[in-house]
Amino acid sequence: MLTPASEEEVAALVREKPALHAVGSGTKVHHGQTPDPGEDLSMAKLDRIVSHEPGDLVVTVQAGVRLADLQEELLDHNQWLPIDPPYAQATVGGILATNSSGPRRLAYGTMRDLLIGIRVVGPDGTVTRSGGKVVKNVTGYDLHKLHIGAFGTLGIITEATFKVRPRPQVSAVVLFPCTSMVEAHSLLLSVLASSLRPVALEALYRGPAGLARGKSWALVGVEGTRPVLERHLKELRTLYAAQPQVLEGETAGSLWDALRDLPATARESVRVRIAAKPHDLVHILPAEPTWARVGTGLAWLELAPAADLPDRIAQWHARAAERGGYAVVESAPLPMPGREKLPWGLGGNALMRSIREMRDPARKLNPGRMVV
Amino acid sequence: MKSRAYEPVLTPQAEQALPPVTGDKAGLLADLERLLPPDRRVTHQDDLFAYECDAQTLDRALPLAVVFPESTAEVSTLVKACNARSIPFLARGAGTGLSGGAVARESLVLSTARLNRILEVDVPNRQAWVEPGVVNMHLSKAVAKHNLHYAPDPSSQYACTIGGNVAENSGGPHTLKYGVTTNHILALEVVLPDGTVTMMGGPVADLPGYDLTGVFVGSEGTFGIATRVLVRLTPLPEGVKTILAIFNTVVDACQGVTQILARSILPAAVEMIDQKTLRAVEKYIHAGFPLDAAAVLLVEVDGLRDDLEEQAAAVIDACRAANVRDVRLAKDDAERMKLWKGRKQAFGVLGRLAPNYYTHDGVIPRTKLPEVLAEIARIEERNRVMIANVFHAGDGNLHPVVLYDEREPGAIERVRKASDEILAVVASVGGGLSGEHGIGIEKLAYMKDFFGEADLAEMRKIRDVFNPRGLCNPGKAIPTPGRCIEPGGGKKLPVGH
Ligand SMILES: Cc1cc2nc3c(=O)[nH]c(=O)nc-3n(C[C@H](O)[C@H](O)[C@H](O)COP(=O)(O)OP(=O)(O)OC[C@H]3O[C@@H](n4cnc5c(N)ncnc54)[C@H](O)[C@@H]3O)c2cc1C
């Protein structure tokens, strides 16, 4: 494992080595295609918060900073980076490279809504940047967007600048027990269509920590001020025959963490992500997904490795694609027989391939990890 | 009909960016006759003057022709014809751009005026497919009956098009809370610069692959022509409160912004209007602004009605902490609309204070507002120019408007010097050259003050992947290397909005 301590050292190693795999905390090494040979390059030592001016609501960090550490720094100023992807120890660089997000994305968006500037090391060791440290900016192309979800194939991210937000005053989860996944979906879709402004709408089949297993649940996340929470509670209580359970404070906190970490629990299975428009999702889901981010139109299945997985996933994909959606594999155990046959992406297109070819013709950066 | 001799009016930097075209112009004109009926092409010089420039009128040049395609297939055919004849081309929306992005010297202009249909509104999933020529405000009006709107609201929204917004990544007063154009574009159908049609993004979340939509938005028309746009629609806020805060000094008003942002609220808008602008507005619009205030903040909070009182109280409290002279809540919708009318028409009335004006668009970290505004006042004094400030303070997006009379000896030179100094201050505090108006041909010379050559080279390389022959809106957004571009120059300065 190579362990550079600065951007210059990253650049020097990139120049010197034929192929490199950038690694943050390694929480998502089982995401993406099985990589081609190359040396691992740990970003863990680039762990500095470069600048945080609370009054600007902007923070700049090195890519190896762990999100949890960043949140702690921001908490001192009653702020946060409003994103809640799985794995507390995940680094900012890894979260960007995998476009990782969590339940609250319904209200706060994903990395593409929060990232305002970047520095990257290209395959020839050249450091370039785009964007800046201002919250609104059209100076130059938004190249940083290309690095989100690119698995490091267009450059090694060394530094990122984000918009941050004040922390909400209250945070609660409202839980409805449901008799089926379909019922949970329809309840959550009616919340989505109402005048309420939830920050998360999640349907669970297998309950996470603290929730009874084998049951379906509909979860409504609410954040903001006390009056806004009261309004939500009042309307949510009239929505549905069964009375919901309301979690606030620490109990809500641990449920939020459990929701956030849903993808982190089953590393031994193949995780499939199915996407559709929110109102289409329930119509294309195979029996019993593991959980669904109903407001966003995403659902996940956790499946035991099996030889017929590619065919099954292809069928789900075909159904989803009829409505503009898709089904792809997000993660799978490493190693796993037949891993390379799994559908890791949508095949990309000519433009994406040309961008990669221009950027990294020798395939030095995270080779093999991403299909475009 | 024989045309009179025509000379384009271009600053030296624009002249360098847009050299005369050498392709087969006669061949393309013949193609157009074959491809389109006469009412969908403009080729006579007299009719082309309307397409000489956008709302930045310093750089002006006649296009070769203007065409009005009605379908993606027609756009593709026309772009292929340009390729075959080696003639540059660009898309044009409403021509309200403020950086010369739509100047098309001797090139083909593809107007999106007839690509103006709202194709499909998906109310439950809150998205809509529209053609690029749809006017921003028409879209919001069309979906209002579903309690939805298209959130980015440039002050030009009564005229500007979604295609132009996509190209410029436009913002507006309410983008402080709701985000700019890029946060609201889900997918694009694009005719690439070689004429092939491609799709970027889609109606669902987290599509695997590179975020082409994200990099296309804000590419100023240099990556291809968007022919269909999938936008996100946002529920209308249930309630709105508008606050007018009156300050005795500009620095206090800046402190007010800082204080507001330090509370746990995210206002929908925080706009600053200084005394020169207030007086001009009151003279023509009577929005109800005090004439003796050094500056006012127009602050809006919106959302669920339950905590709006609380949010408004927090804003008022924040202003008090910043030495506010007087702060009050608009009492009803009528007063609210009047205040916003004053804000949104501010640029129009400033235009009546002087024959010419030039609007900067630099964006700075918000905590730097007090020192930068103080420095702009010193620049104004030192250079004996007049500068009005009316801007998106909550985002740190300055709009110093330099007012002048080009006929006055030495005025241009003084304005140019003041402009250089303003941008130098913006750069020195870690700011950006443009918050929303784009680089176009008008700000090319300053790009080197904000990015290194390696950064610009990378941007050019990505552009060349989309636009390898450089025929699609050439010369814009990113300066060409090896040419030492002098800022400004020529006879006039750009006239802003
Ligand atoms: C009074 C006034 C107020 C303004 N206020 C604001 C404001 O608050 N915020 C803000 O951000 N801007 C503002 N602007 C600037 C301007 O309105 C925006 O940049 C707007 O998005 C331009 O849209 P348009 O349709 O007029 O585009 P045009 O001026 O016609 O074109 C602008 C650029 O977009 C390209 N383009 C147009 N259509 C397409 C397409 N379909 N595909 C690819 N490229 C395309 C053109 O080639 C050109 O480079 C203001 C302008 C005025 C005059």
Side-chain angles (χ1 to χ4, degrees), chain A residues 53 55-58 78 99 109 112-113 122 126-130 132-143 145-146 148-150 154 165-167 169 193 195 197 224-225 227-228 230-231 273 275-279 296-298 324-326 328 345-346 348-349 351-352 354-355 358 372, chain B residues 122 124-125 168-169 171 175 179-180 182-183 198 202-212 214-215 217-219 238 258 261-262 264-266 303-304 306-307 310 363-367 395-397 430-436 438-439 447 450-451 454-455 458-459 461-463 465-466 478:
Chain A
E53 178 57 64
D56 290 330
L57 290 105
V58 165
N78 200 32
N99 189 21
R112 87 192 286 285
D113 303 296
T126 308
V127 179
T128 54
R129 64 185 184 86
S130 67
K133 297 189 177 187
V134 285
V135 296
K136 186 180 177 196
N137 197 354
V138 296
T139 318
Y141 300 137
D142 261 5
L143 297 191
K145 295 277 197 303
L146 285 176
I148 300 173
L154 298 179
R165 278 171 87 110
R167 290 187 76 85
Q169 289 162 19
S195 62
R197 296 281 179 279
T225 57
V228 159
E230 294 303 330
R231 156 84 174 276
R273 180 171 86 233
K277 290 190 256 182
H279 284 262
T296 313
L298 292 171
Y326 64 83
V328 295
L346 299 176
N349 62 32
L351 212 44
M352 293 182 195
S354 308
I355 288 174
M358 177 281 285
V372 291
Chain B
D122 181 345
N125 293 305
E168 301 294 341
N169 191 13
T175 50
V180 292
T182 193
N183 306 111
T198 192
V204 302
D206 293 358
L207 281 152
Y210 300 143
D211 182 6
L212 300 177
V215 77
V217 175
S219 61
E238 193 176 82
T258 308
L261 295 175
S264 300
I265 46 167
L266 183 58
L304 292 181
D306 310 79
D307 67 351
E310 195 172 295
V363 54
I364 58 168
R366 295 167 276 198
T367 48
D395 290 321
N397 189 182
L433 173 57
S434 179
E436 56 182 22
I439 305 307
M447 282 293 272
F450 291 83
F451 286 110
D455 309 325
E458 194 55 36
M459 292 181 192
K461 281 194 227 158
I462 294 285
R463 179 197 57 206
V465 170
F466 284 83
I478 311 293

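Below, chains carry the letters A, B, ... as their sequence lines are ordered, and counting in each starts from 1.
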Open item on the list: Tell me which of these, Asp122(B), Thr258(B), Val217(B), Ile478(B), has more heavy-atom pairs under 4.5 Å with chain A than the rest.
Closed with: Ile478(B)

Open item on the list: I'd like to know which of Leu261(B), Asp306(B), Leu266(B), Thr198(B) tops the heavy-atom pair count under 4.5 Å against chain A.
Closed with: Asp306(B)

Open item on the list: Taking Gly438(B)'s backbone N and O only, do any of them form a donor-acceptor pair with Ser434(B)'s side chain (distance below 3.5 Å, no angle check)?
Closed with: yes

TODO: Name the region of Met447(B), side chain, backbone, both or neither, that has any atom closer than 4.5 Å to a heavy atom of chain A.
DONE: side chain

Open item on the list: Is Asn78(A) in contact with chain B via its backbone, its side chain, both, or neither, using a 4.5 Å heavy-atom distance?
Closed with: side chain

Task: Greatest number of heavy atom pairs closer than 4.5 Å to chain B - which of Thr126(A), Thr139(A), Thr128(A), Ile148(A) - done: Thr139(A)

Task: Winner by heavy-atom pair count (cut-off under 4.5 Å) against chain A, out of Gly303(B), Gly202(B), Gly171(B), Gly209(B) - done: Gly209(B)

Task: Atom group of Leu298(A) that falls short of 4.5 Å from chain B, counting heavy atoms - done: side chain

Open item on the list: Looking at every heavy atom in both Glu168(B) and Val138(A), which two are closest together, and how far apart are they?
Closed with: O-CG1, 3.4 Å

Open item on the list: Can you tell me which portion of Thr367(B) sits under 4.5 Å from chain A's heavy atoms? Options are side chain, backbone, both or neither.
Closed with: both

Task: Heavy-atom contact with chain A under 4.5 Å, split by part of Ile364(B) - done: backbone

Task: Top contributor to chain A contacts, counting heavy-atom pairs under 4.5 Å, from Val180(B), Asp206(B), Leu212(B), Ile439(B) - done: Asp206(B)

Task: Contacting moiety of Leu207(B), where chain A heavy atoms sit under 4.5 Å - done: both

Task: Spatial distance of atom OG1 (Thr175(B)) from atom CD (Glu436(B)) [nearest 0.5 Å] - done: 6.5 Å

Open item on the list: Looking at Thr182(B), is its backbone amide N or carbonyl O close enough to the side chain of Asn169(B) to form a donor-acceptor pair, meaning the two atoms are under 3.5 Å apart?
Closed with: yes

TODO: May I ask you to decide whether Glu458(B) forms a salt bridge with Arg463(B), counting only side-chain N to carboxylate O separations under 4.0 Å?
DONE: no

- [ ] Look at Leu154(A), Asn349(A), Leu346(A) and state which one has the largest set of heavy-atom pairs under 4.5 Å with chain B.
- [x] Leu154(A)

- [ ] Measure the NZ-CG distance between Lys136(A) and Asn397(B) for me, rounded to the nearest 0.5 Å.
- [x] 4.0 Å

TODO: Pick whichever of Met358(A), Glu230(A), Arg167(A) has the most heavy-atom pairs under 4.5 Å with chain B.
DONE: Met358(A)

- [ ] Output the option from Pro278(A), Gly122(A), Gly132(A) having the highest count of non-hydrogen pairs under 4.5 Å with chain B.
- [x] Pro278(A)

Task: Beyond-backbone contact of Phe451(B) with Met459(B), side-chain heavy atoms, under 4.5 angstrom - done: yes

Task: Engaged part of Ala193(A) at the chain B interface, taking heavy atoms whose separation is under 4.5 Å - done: backbone

Task: Heavy-atom check, side chain of Val58(A) versus side chain of Glu53(A), under 4.5 Å - done: no

TODO: State which residues pass ring-ring contact (aromatic ring centres under 6.0 Å, His included) with Phe466(B); sequence neighbours excluded, sorted by chain then number.
DONE: Phe223(B)

TODO: Can you tell which part of Val215(B) gets under 4.5 Å to a heavy atom of chain A, answering side chain, backbone, both or neither?
DONE: both

Task: All side chain to side chain contact (heavy atoms under 4.5 Å, CB included) counterparts of Ala262(B), not counting sequence neighbours - done: none

Open item on the list: Can you confirm whether Arg231(A) sits close enough to Arg197(A) that some side-chain heavy atom of one is under 4.5 Å from a side-chain heavy atom of the other?
Closed with: no

Open item on the list: Using a 4.5 angstrom heavy-atom cutoff, name the option from Pro365(B), Gly432(B), Ala454(B) with the most pairs to chain A.
Closed with: Pro365(B)

